[in-house]
Amino acid sequence: MAEDNELRYDPAQIEPKWQERWAAEPRLYAAEPADCGKPKYYVLEMLPYPSGQLHMGHVRNYSIGDALARHMWMRGYNVLHPMGWDAFGLPAENAALKNHTPPREWTLSNIAGMKRQFERLGMGFDWATEVTTCLPDYYRWNQWFFLRMYEKGLAYRKKSKVNWCPDCATVLANEQVVNGCCWRHETTLVEQRDLVQWFFRITAYAQELLDGLDKLDGWPEKVRTMQRNWIGRSEGTEVDFAVEGSAEKIRVFTTRVDTIFGATSVQLAPQHALVAEFTAADARLKAQVDELLEQQKKAREAGDLGAIEKHGVPTGRFAFNPYNGQRVPIWVANYILADYGTGAIMSVPGHDERDFEFAMKYGLPIIQVIQPIQNVESVERLPFCSEDGVLMNSGEYDGLSCAEAQKRLQEAAALGGFGEATVTFRLKDWGVSRQRYWGTPIPMIHCERDGLVPVPDDQLPVLLPEQIEITQQGGSPLGRVPEFVNVTCPKCGGPALRETDTMDTFVDSSWYFYRYTDAKNAKAPFDPQVVKYWFPIDQYIGGVEHAILHLIYSRFWTKVMRDLGLVEIDEPVRRQFSQGMVIKDRAKMSKSKGNVVSPDDMVARYGADSARMYSLFAAPPDRDLDWQEDGVAGVSRFLGRVWRLVTKYAPVARSARGQQADAPTGISLKLLRKLHQTTAKITQDFEGRWHFNTCVAAIMELVNELQAADAQLAAGEVAAPVMHELLRTLVLLLAPFAPYLAAELWQTLGEEGAVLRAPWPGSNAELAREDELEIPVQINGKLVTVVRVAMDATQQAMEAAALGDEKVLSRTSGKSVAKVIVVPGKLVNLVVK
RNA sequence: GCGGAAGUGGUGAAAUGGCAAACACACUAGCCUUAGGAGCUAGCGCCCAAAAGGCUUGCGGGUUCAAGUCCCGCCUUCCGCACCA
């Protein structure tokens, strides 16, 4: 059957051919200048780390974004759809250790390979704006921004306890510590070390970052909630307790100042400055505190600081409650965090779970100062932690509600000069120093005479030396390159040393999407006018794993740039979408589980269109997707049906190009109706609902209906102009999801130009309308039968049709119909008694 | 503990208060054939021999003419945060 062979969909024939043509025509996916007259649309997917291989999560991410970009192109928008590489980072150094390949070489060759994968998948990226973060023309601007932030006091250095991963031999940000372990080495415990580090003052924007979330209504609630929790705003009061026999004061932070008359001790974090003073003259106390520190360290390293067993030691010293002069003991406790609030608390066992537990353990007094408002019996046991009560045992404040008392006590503290209302954030400044090689060098110089000296702008970029031996020794690898380290001080000309730390790679990804708009600019990170045109990003798409780190840093960076006068916007991203994970056999794909599916393999077996379309079809985009190869095969068979259908009837359709169809009737009307319904559904979904799985299903339904009418089509019962509209529109609808097949069939239909530039089909509501409807008839809410009525049937007509139905008659005989509910176009429900 | 999302056939899922299970996968039976990982036809939630009929969206209540969908209370799973004072 030679004919059957001809009618065979073969993506291996179709796809490489179009890939070649597209590569030869780079303007196809390029954005146009601002004066092109079209509305702009910036669709962005998170850029990949060039590990060497795209994985299925990437395929899904970019299939979603590419479908959207293609749709917007067809809708006539000026679309910016760029791609780049988050190319700095540790894996390149690990690879260097393993195979002695220089990180730069390893990275660039991975990029080349992954770019080939992208092209083979048919992704419509504008490669002219490609950004590679490890190249000097990009990272020099990291350095430039760093200097601007240094000038503004937003970049600073301080000694601090840092998270140290012994495997990475570097510092980690708080955000990179997962359950006490390194985010890269899931079983390696993170240690605490003291180092002088560079920080970005993200806390200066804490309130604005929090407030901004309320306005980001195009963002998933989940992401906004995660960021709110991460910022962790907490309102409270700081109060000074004077230390007996000393000029020192202990400032405590509390959210429940209304309970302060119940404070029976003050608790200090072991790292608190005053503790060192107390222990200096007391070796026994020092040993005890050291033990608390050790417990805390162990708990932190085990990842369950929350589960630490509470221990404390009395210092033998006392402090005074400023409100009532009450003398309370000062303790040091292992569960008090040095880096939250003031590192000191007042302990109120009567009204706090933890304080209660601690007081019971060490026999500290418990005083009730809040009288529950209701249900005295059910809450008579302490601790009573709700704010639903009134004060007692609190002097002049007795009888006040908790909320009112908090206000009054804050006022009293301010007036008395021993405290104030404060806001505390959980968010910490962003530690950006890394003792690694493969990152952006921090552009600072240490001069013995002038101290810290910024590298002058005209000496940027500070180039990363290329010839370097990567070893696993501690300390920064750059420190072992004398040509790099030894410089002359820009201020005094004397000998000086370069900073050898490099920047966290999250710096690179905090502003890369601005660079896309003006990627070749050698004078500035970008032209503010160009950015003004393209920003904010209309749609950002990426994995939920970046809900906190990347998406908070990016927002911070935009606000900093705004304050530097570089941009006018407050937020970089208008709409954010977090796609679900790709899993297999109910587990995340990973090498250790052996359940990894390779995109190359899928493309080789089924073609890029099938792999892409399956990734959209198998689940709604925001849900996890269980990869089932049989499903890919199914999509591939479907595309085969489309291919055969269009190929078979293309000659008829071509013959009618440009011809006007007569008013359709019969099967023509039926098929056109389905066509316009499908178009309406898909168009609507692109506008926000994004259930691309049902879009694909709708196209399948359309094709099924065409196929069911095959005998009539073959008999010529459908006029050529109708065939033309049916097939042409089908190809247009397919174009965002299966770009290769669409391009091929577009040509088969004799159409000229790129399908990508063809206008998205409109839906004719008149044609989409059914003229008859099947109306379910219920009795007391239960389905009894279905009656056919005209589309525009009146309520009376619908009621009559329902009441006249045989089944209805037999069930209502002898009973009375109390009420008839008629929902026009929907259903009839009879209330029968 | 706090916050978020979810729970529907053998499987992935659909249904924006109005016919639960669309569209697929898998499976079963049949056809076709240059045996292809192809194509075509039919069946496929559960109970019942079948039909008629009944039942069915984690559990229990409620609102409504009508609830997978809204409300209240539980259970389970996943995710984020967590002695944050």
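Keep in mind it's a predicted model, so treat the numbers as computed, not measured.
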Applying a 4.0 Å non-hydrogen cut-off, can you work out what [X] is touching in the nucleic acid: base, sugar-phosphate, or nothing?
X      : result
A:G232 : nothing
A:Q707 : sugar-phosphate
A:E629 : base
A:F638 : nothing

Which value, in whole Å, describes the distance between the [atom1] atoms of nucleotides [N] and [M]?
N     : M     : atom1 : value
B:A22 : B:A15 : P     : 12 Å
B:U28 : B:U69 : C1'   : 35 Å
B:A49 : B:C40 : P     : 36 Å
B:A13 : B:A82 : C1'   : 35 Å
B:U56 : B:A38 : P     : 40 Å
B:C72 : B:A85 : C1'   : 33 Å
B:U11 : B:C55 : P     : 24 Å
B:C23 : B:G30 : P     : 25 Å

When you measure from the side chain of [X], which nucleotide among [options] comes out closest?
X      : options             : result
A:N704 : B:C40, B:C23, B:G80 : B:C23
A:M226 : B:G80, B:C23, B:G54 : B:G80
A:R426 : B:A26, B:G80, B:C81 : B:C81
A:K310 : B:C84, B:G4, B:C83  : B:C83
A:I308 : B:C83, B:G80, B:C23 : B:C83
A:R354 : B:G54, B:C84, B:G80 : B:C84

Legend entry - Contact nearer the 5' end of RNA chain B, comparing A:R605 with A:V544: A:R605
Inset, instruction - Return the 5'-most residue of the pair A:V831, A:T254 with respect to RNA chain B, ranking by each residue's nearest nucleotide. - result: A:V831
Inset, instruction - Let me have a per-nucleotide readout for nucleotides 7-20 of chain B, 5' to 3', with B, S or -, counting only protein heavy atoms under 4.0 Å. - result: ----SBSSSB-BB-
Rounded off to whole Å, could you give me the [atom1]-to-[atom2] distance for the [X] and [N] pair?
X      : N     : atom1 : atom2 : value
A:L210 : B:G3  : CG    : P     : 16 Å
A:E705 : B:A24 : CD    : P     : 12 Å
A:L551 : B:G80 : CG    : C1'   : 14 Å
A:D10  : B:G37 : CG    : P     : 14 Å
A:K819 : B:C65 : NZ    : C1'   : 6 Å
A:K361 : B:C83 : NZ    : C1'   : 13 Å
A:H272 : B:A85 : NE2   : C1'   : 13 Å
A:L427 : B:C84 : CG    : C1'   : 13 Å

Inset, instruction - Would you write the dot-bracket representation of RNA chain B, where each base gets (, ), [, ], | or . depending on whether it forms a Watson-Crick or G-U pair under 3.5 Å and with which partner? - result: (((((((..(((.....[....))).(((((.......))))).(((.....)))..(((((..]....))))))))))))....
Inset, instruction - Classify the angle between the aromatic ring planes of A:Y553 and A:F506 as parallel (below 30°), tilted (30 to 60°) or perpendicular (above 60°). - result: perpendicular
Inset, instruction - Look at the aromatic rings of A:W690 and A:F692 and report parallel, tilted or perpendicular, splitting at 30° and 60°. - result: tilted
Please enumerate all residues that pass ring-ring contact (aromatic ring centres under 6.0 Å, His included) together with [X], with sequence neighbours excluded.
X      : result
A:Y323 : A:F418
A:W627 : A:Y614
A:F737 : A:F686
A:Y340 : none

Phosphate contact ([N] OP1 or OP2) by [X] side-chain N/O below 4.0 Å:
X      : N     : value
A:S636 : B:G37 : no
A:R637 : B:A26 : yes
A:Y340 : B:A85 : yes
A:K782 : B:C55 : yes

Legend entry - Within the 6.0 Å centroid threshold, strictly below: A:F638 and A:F617: no
Using the side-chain hydrogen bond (donor to acceptor under 3.5 Å, both in side chains) criterion, which residues pair with [X]? Sequence neighbours excluded.
X      : value
A:Q406 : A:D258, A:E387
A:T342 : none
A:N334 : A:Q295

Legend entry - NZ or CZ of A:K310 within 45° of A:F358 ring axis and under 6.0 Å: no
Inset, instruction - Evaluate side chain to side chain contact (heavy atoms under 4.5 Å, CB included) for A:L730 paired with A:L645, printing each intermediate quantity in order. - result: CA-CA 11 Å; A:L730 170 63; A:L645 180 79; 4.2 Å; yes
Inset, instruction - Based on the glycosidic angle (syn within 90° of 0, else anti), state the conformation of B:G68. - result: anti
